[in-house]
Amino acid sequence: MSPAPVRVLLVTDDEHAYKRLCARFEALGKYYSLDWVAGTEFLSSPPSQSSHEVYLLAQSENPNDLLKLVRAACKQGLKSPTILFKSPADGEVLSQVMAAGAGDCLEDASLDPQSLKRALDYAFLRTQFQRELESHVQERTAELVSAENTARRCSEQLLEVSRLSAHLSSVRDIPSVLRDATDAIRRIIGAHVARSALSLSSEEYQPINSVSLSESYVEDPDAVNRVGTEALDTLVARSRHVIRLSQAEVDSLPRGLCASPNMDNGMSFRGWLAAPIVTHEGQYIGQVQLTDKISGEFTETDEAVLVQWTQVAATAIDNVQLYEGMYDRDRRKDEFLAMLAHELRNPLAPIRNAVQILEFAKTDEHTVEMARQLISRQVTHLVRLVDDLLDVSRITRGKINLIKVPVDVAEIVEVAVESCRPLFQDRKHSLQVDLPNEPVRVRADLTRLAQVLLNLLNNAAKYTDEGGQIRLTVQKEENSVLIQVADNGIGISPEMLPTIFDLFTQVDRSLARSEGGLGLGLTLVRRLTEMHGGWVEASSAGPGQGSTFTLHLPVLTDDLPVQHPLAYQSLKEVPQQKVEGRILVVDDSRDSAESLATLLRARGFEVRTAYDGLQALALAAEFPSDAFILDIGLPKLDGYELARRLRKDPKSRDTLIVALTGYGTEEDRRTCFQVGFDAHFVKPVDLNALISLLASARRAVQHGGR
Ligand code: ADP
């Protein structure tokens, strides 16, 4: 096939010029065609851009007209017309037309066919080159515009995602977060279907699903069920990455993997885009899937936007969980404070009543005894509450140090049973204790382990109706010992069992419940047991079926001898006979000092009191004492300094010095012993323990022991 001729348009008002050129064109053959148009016509109605490849502009009389034509031709997109001068062109005119855009200049008079052909071919190539360049520029411009559109759309989408993030920060429940987020991502990416699923590890949350459909799906909501399969869900859960499939890829998937929705209703699903939702700690918590893009296929930009969305969704879910946790802790704290106020008031009311009773029943021995017992019971209860509170706070802050020594479990049992006996008698319970024949030794802090057992026994007594049967069994296994407290009381429902050892857990939280307590006891039991290398479990066949609590403790296998800590020796040996000795009691609370002095005098001691450190020093000089009982927070000279000075004085260097204080942390105890105290008691003191200590100190002095 012969190539199309190069079409040339001659622009001139000079007919002779046209004729001369026609003759030359004939010599060039059919590969060049020539048309002619007058200059005025060219200016008034320019030909279409593609009609000719080459413009030839013949020189007219007026150089300005020529310049006009050159400019008009350039505007036509043929940027470099060839100028045909009649005779050699004037240098200035030449440079003017070249500046206006002319591509070449010929001289009519000397134009032979070969030169014309070369000039035409050159002009043709110029035009071709210009056209290619132009189309290239157009293509690049289009690409830039499309990239700009994509970038604009992407930033709009990201803006939407950040708006979503702001919105979600005020949403307070997880189903709403998932619903709003799923709806938003479907709109942001522009898909007909978005589906997300969450399964949080925490037991409080059930798996949650959320689906968002475009209006065209509202008519056919079942369509969503045909999108995706369990196999795809598993793929997303395991992938940890965004997965994007084009429609062709979806169609080519095996049928089991993707129940392609294109089957029954001829609906096209235009691709599939999915991403896992992963927490900031890297834990997989759910996923989102989008199908059927409204226009075109899912793109890389959609993928990037979805990644941002998953982060926003994960953060929002995290925040709700944090908020709920905080709210829950706050609520439990409020409940706890209400309970605490109630529990503290409970014993105060009967104590106040008893004080009034004592006022009018001065000589009625029976009533006085009844009031005394009542006050004693309620104060013991109050002391336990405060002790438990402080213990829990110390244990949770890791501030309790156990003093572990080899002890026989029977001894721990004995101490605990003795302490709870009054409550058991009060409630008419029977307590059966089964101990193994052989001693079972554990390495334990006797005080703390007895406290654990005492808590379990007290609970058994509290949560069993009057006249119940409680059994304490100690059983040795290979390397451990089981200490079991079983009752036939109210029992525990299966749903409460897993949390029964948690702080503040109480089955009956109504303020009107009959049994006091702050829900701290079992937390202490668990923590203290764990601090002894053991563990504790609770079991119950259900409400009304009784409960069993079992401690598992490691037994001691070496031969270290059993030790009997002083505190418990004194607890057990409560001296009932009169004791002697001179005691100086120092306390800035006069009521505390005088009431203790009265009690000690009643037991046979000779007692003096002082209310500040300096007064105590002066009194110590004139009243040689067998023991000093010192408060720590004293005016003028605090208890620590007072003890230091007493220790320095040769007269009191070996005297028993006892701290009796409200400061009961391990740190306080340690400081006391460092400055020279012999013993440390927390207020209110167990009088029997104090008297035993004073009596034993007195005996030691008599036998020259101290
Ligand atoms: P408190 O007794 O002060 O409420 P605890 O931590 O000792 O706190 O016990 C927590 C809860 O466990 C109690 O409120 C009670 O509901 C339940 N519980 C504890 N021991 C028993 C038991 N032996 N029988 C039935 N319920 C019990």
Side-chain angles (χ1 to χ4, degrees), residues 332-333 335-347 377-378 380-396 416-417 419-420 423-424 426-433 448-473 482-530 535-551:
R332 287 209 285 169
K333 188 194 74 198
E335 277 178 16
F336 172 73
L337 288 177
M339 189 82 69
L340 181 61
H342 175 261
E343 293 303 320
L344 292 176
R345 269 199 203 110
N346 256 357
R377 253 196 325 272
Q378 296 302 332
T380 307
H381 180 59
L382 262 177
V383 170
R384 252 204 74 205
L385 279 181
V386 176
D387 281 351
D388 277 1
L389 263 178
L390 292 176
D391 280 350
V392 164
S393 117
R394 276 182 225 144
I395 285 183
T396 45
V417 168
S419 306
C420 70
L423 179 63
F424 273 65
D426 211 34
R427 296 186 61 91
K428 303 184 181 62
H429 292 317
S430 78
L431 173 64
Q432 183 183 336
V433 180
R448 293 303 186 179
L449 214 49
Q451 182 185 358
V452 166
L453 213 49
L454 182 60
N455 268 331
L456 295 180
L457 287 167
N458 274 340
N459 277 352
K462 279 195 312 187
Y463 300 110
T464 300
D465 289 340
E466 262 192 24
Q469 284 158 8
I470 289 135
R471 188 168 172 177
L472 195 165
T473 320
L482 267 58
I483 310 175
Q484 205 162 62
V485 177
D487 62 53
N488 62 343
I490 61 169
I492 303 165
S493 61
E495 60 272 18
M496 281 311 288
L497 273 177
T499 55
I500 199 92
F501 292 99
D502 291 353
L503 200 54
F504 308 142
T505 296
Q506 292 183 313
V507 176
D508 180 2
R509 293 201 70 90
S510 63
L511 285 179
R513 75 199 201 293
S514 54
E515 294 311 330
L518 293 167
L520 307 173
L522 288 181
T523 305
L524 280 174
V525 164
R526 181 171 61 186
R527 295 275 171 84
L528 287 171
T529 307
E530 285 168 357
W535 54 284
V536 57
E537 59 181 331
S539 63
S540 169
Q545 311 272 327
S547 316
T548 303
F549 288 80
T550 311
L551 300 178

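Worth knowing before you read on, the calculation uses all heavy atoms, side chains too, and leaves out hydrogens, waters and symmetry mates. In listed order, ligands and their atoms are each counted from 1.
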- Message: Show, in sequence, the C-alpha distance, side-chain angles and deciding distance for Asp391 and Arg527, and conclude whether the salt bridge (Lys or Arg N to Asp or Glu O under 4.0 Å) test is met.
- Response: CA-CA 10 Å; Asp391 280 350; Arg527 295 275 171 84; over 6 Å; no
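At least one heavy atom of Lys462 lies less than 4.0 angstrom from ligand 1. At least one heavy atom of Gly491 sits closer than 4.0 Å to an atom of ligand 1. Using a non-hydrogen distance threshold of 4.0 Å, Leu520 registers as a contact of ligand 1. In this structure, Phe549 counts as a contact residue of ligand 1, since one of its heavy atoms falls inside 4.0 Å of the ligand.
Geometrically, ligand 1 and Ile492 share no nitrogen or oxygen pair separated by less than 3.5 Å. Backbone and side-chain nitrogen or oxygen atoms of Ser547 are examined, and one is located within less than 3.5 angstrom of a nitrogen or oxygen of ligand 1. Checked by distance only, ligand 1 and Ile490 stay at 3.5 Å or farther apart across all their nitrogen or oxygen atoms.
Atoms of ligand 1 lying under 4.0 Å from at least one heavy atom of Ile500, given by number and element, are 12 (O), 17 (C). Residue-ligand proximity, Leu522 to ligand 1, at heavy-atom distances under 4.0 Å covers atoms 5 (P), 6 (O), 7 (O), 9 (O), 10 (C), 12 (O), 19 (C).
Annotation: side chain of Phe549 is not in contact with side chain of Val452 (no heavy-atom distance under 4.5 Å).
The part of Asp487 lying near ligand 1 is the side chain, judged by heavy-atom distances below 4.0 Å.
A donor-acceptor pair under 3.5 Å links the side-chain atoms of Arg427 to the main chain of Thr464, judged by distance alone.
Test Leu457, Thr550, Leu431, Asn455 against Val485 for side-chain contact (heavy atoms from CB on, under 4.5 Å) and you get one pass: Leu457. A side-chain contact (heavy atoms from CB on, under 4.5 Å) with Ser540 is found for one member of Pro494, Ser493, Ser547 and no other, namely Ser547. Test Leu456, Asn459, Asp487 against Ile470 for side-chain contact (heavy atoms from CB on, under 4.5 Å) and you get one pass: Asp487.
Counting non-hydrogen atoms of other residues, nucleotides and ligands closer than 6.0 Å to CG of Asp465 gives a total of 12 or fewer.
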